[in-house]
Q: 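Let me begin by handing over the structure; questions about it come next.
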Amino acid sequence: MIWNCRDKKIEYGAGKVLIMGIVNVTPDSFSDGGNYFLPRDAVAHAMELVTEGADIIDLGAQSTRPGYREISPDEEWSRLEPVITPLRKKTEVPISVDTYFPSVAKKCALAGADIINDVSGVINPDMAQVAADSGCGWVIMHNGDGGCRQVKEFFEKSAEECRNFGIDSSRICFDMGIGFGKTVEQNIELIANIPQYRLEGYPVLLGCSKKRVIGALSGQQQASQRVYGNIAADTVAVLGGVDIIRLHDVKNERQGILTAQELAKWIK
């Protein structure tokens, strides 16, 4: 299967799970806020993740942690521009930008981004226009209360809306929205039951890296120390057929993902 993201044809499926490495250009993200706020540090960390095996780099300049303070599109772009421009010159690895502002997504596409990672939970006509015009891949996330049934209904409706906007299905990826307005039980249900809501022909992305659901299951209160709990969740998701996993710790979680991929081949 191919996920078309501008000139990048990203292969997924057939037992290979893609790794999307997170670079937070923020002072307040829940796990690593402030670590890579300076542009040079963010670029260096992105290249480190590429070396460690990231298939996609996801840049985020606004925290969406519970109780976050929304920043303006201008401020978000001021954080992203000095990172995405030099990073694009350093690597051909697909670059994703985590934004729900259409104006920022458009500027990022012009600067060389390949993917718009949109956590808004709605099909914004302005964002759809940016996706249509730029040719970027578009990650559409379910945001809010809901388990497998609600998420599948949202995916089906979103797929139809994208077709109405003239956006080819090969450019859409769906994210079930772990940690966005959901109970712990709903998050667990979604991680453990991917086949119940995935749509044929669309890649599915899991983003549960170091989130509160991992803390609730593992008993680890420090977000930065939840890598082992994450590997367990990754494994369940890999066995359930997830296509892309968005995560902070590429070096260590990649070991778990590769192992789970190989074990999955032996399940009868």
Side-chain angles (χ1 to χ4, degrees), residues 5-8 10 20-50 54 56-141 143 162 165 167 171-173 175 177 179-180 205 207 209 246-248:
C5 304
R6 306 191 81 173
D7 64 337
K8 305 288 195 306
I10 303 174
M20 177 183 276
I22 300 168
V23 179
N24 285 318
V25 191
T26 63
D28 56 347
S29 290
F30 74 94
S31 174
D32 56 0
N35 291 355
Y36 313 110
F37 190 50
L38 294 178
R40 66 174 180 269
D41 294 336
V43 172
H45 184 56
M47 294 307 298
E48 180 181 28
L49 296 183
V50 170
I56 301 166
I57 294 296
D58 188 52
L59 303 177
Q62 177 162 200
S63 173
T64 51
R65 64 186 294 172
Y68 74 96
R69 177 186 71 85
E70 182 177 83
I71 63 175
S72 69
D74 287 343
E75 186 175 356
E76 187 175 66
W77 173 241
S78 73
R79 295 178 181 181
L80 287 169
E81 191 278 332
V83 177
I84 191 171
T85 299
L87 182 60
R88 181 73 291 167
K89 295 176 181 177
K90 288 178 175 288
T91 182
E92 288 300 309
V93 167
I95 296 175
S96 166
V97 178
D98 185 347
T99 183
Y100 49 78
F101 293 130
S103 62
V104 175
K106 182 176 181 178
K107 290 176 181 177
C108 288
L110 291 171
D114 305 289
I115 299 164
I116 301 164
N117 184 8
D118 180 0
V119 304
S120 67
V122 298
I123 302 298
N124 182 330
D126 292 333
M127 187 68 88
Q129 192 64 56
V130 173
D133 292 344
S134 66
C136 285
W138 189 8
V139 180
I140 298 172
M141 193 189 78
N143 188 331
C162 287
F165 280 110
I167 302 172
R171 290 176 40 217
I172 303 300
C173 173
D175 178 345
F180 284 80
L205 184 152
S209 186
R246 180 180 180 273
L247 49 86
H248 296 85

Q: Report the residues that fulfil side-chain contact (heavy atoms from CB on, under 4.5 Å) with P102, sequence neighbours left out, ordered by chain and then residue number.
A: N124, D126, M127, V130
Q: Would you call E92 and K8 a side-chain contact if the rule is heavy atoms closer than 4.5 Å?
A: yes
Q: So which heavy atom on V93 is nearest to which on A54, and how close?
A: CG1-O, 4.3 Å
Q: Hey, does L87 have a side-chain heavy atom less than 4.5 Å from the side chain of L59?
A: yes
Q: Quick one: are S103 and P73 in side-chain contact, heavy atoms under 4.5 Å?
A: yes
Q: Roughly how far, to the nearest 0.5 Å, is CD1 of I22 from NE2 of H45?
A: 9.0 Å
Q: Grab the two heavy atoms, one from L80 and one from A61, that are nearest each other, plus how far apart they are.
A: CG-CB, 3.6 Å
Q: Side chains of E76 and Y100: is there a donor and an acceptor less than 3.5 Å apart?
A: no
Q: Taking D114 for its side chain and R6 for its backbone only, find out whether a donor-acceptor pair lies under 3.5 Å.
A: no
Q: Using a 4.5 Å cut-off on heavy atoms from C-beta on, say whether the side chain of T99 contacts that of Q62.
A: no
Q: Of all heavy-atom pairs between A132 and F165, which one has the smallest distance, and what is that distance?
A: CB-O, 4.4 Å
Q: For residues C108 and W77, determine if any side-chain heavy atom of one lies less than 4.5 Å from a side-chain heavy atom of the other.
A: yes
Q: Go through E70 and F101 one step at a time and tell me if the side chain to side chain contact (heavy atoms under 4.5 Å, CB included) criterion holds.
A: CA-CA 11 Å; E70 182 177 83; F101 293 130; 4.2 Å; yes
Q: Kindly indicate whether the side chain of N117, heavy atoms from C-beta on, has any atom under 4.5 Å from the side chain of R246.
A: yes
Q: If we ignore hydrogens and angles and just use 3.5 Å, is the side chain of R88 paired with the main-chain N or O of A113 as donor and acceptor?
A: no
Q: In the structure I gave you, are the side-chain heavy atoms of C162 and I140 within less than 4.5 Å of one another anywhere?
A: yes
Q: Given R79, which of V104, I84, I71 fulfils the side chain to side chain contact (heavy atoms under 4.5 Å, CB included) condition?
A: I71
Q: Which value, rounded to the nearest 0.5 Å, describes the distance between C136 atom SG and I167 atom CD1?
A: 10.5 Å
Q: So, taking the atom named CD1 in I56 and the one named CG in L205, what distance separates them when rounded to the nearest 0.5 Å?
A: 7.5 Å
Q: Hey, what do you get for CG (D175) to CZ (F180), rounding to the nearest 0.5 Å?
A: 7.5 Å
Q: Looking only at heavy atoms, what is the nearest atom pair of V43 and P82, with distance?
A: CG2-O, 4.5 Å
Q: Using a 4.5 Å cut-off on heavy atoms from C-beta on, say whether the side chain of I115 contacts that of I10.
A: yes
Q: Taking all heavy atoms of N143 and all of G121, pick out the closest pair and write down the distance.
A: CB-CA, 3.7 Å
Q: Will you find, in the side chains of D118 and S120, an N or O donor that is under 3.5 Å from an N or O acceptor?
A: yes
Q: Run the side-chain hydrogen bond (donor to acceptor under 3.5 Å, both in side chains) test against K106 and tell me which residues pass, sequence neighbours left out.
A: none
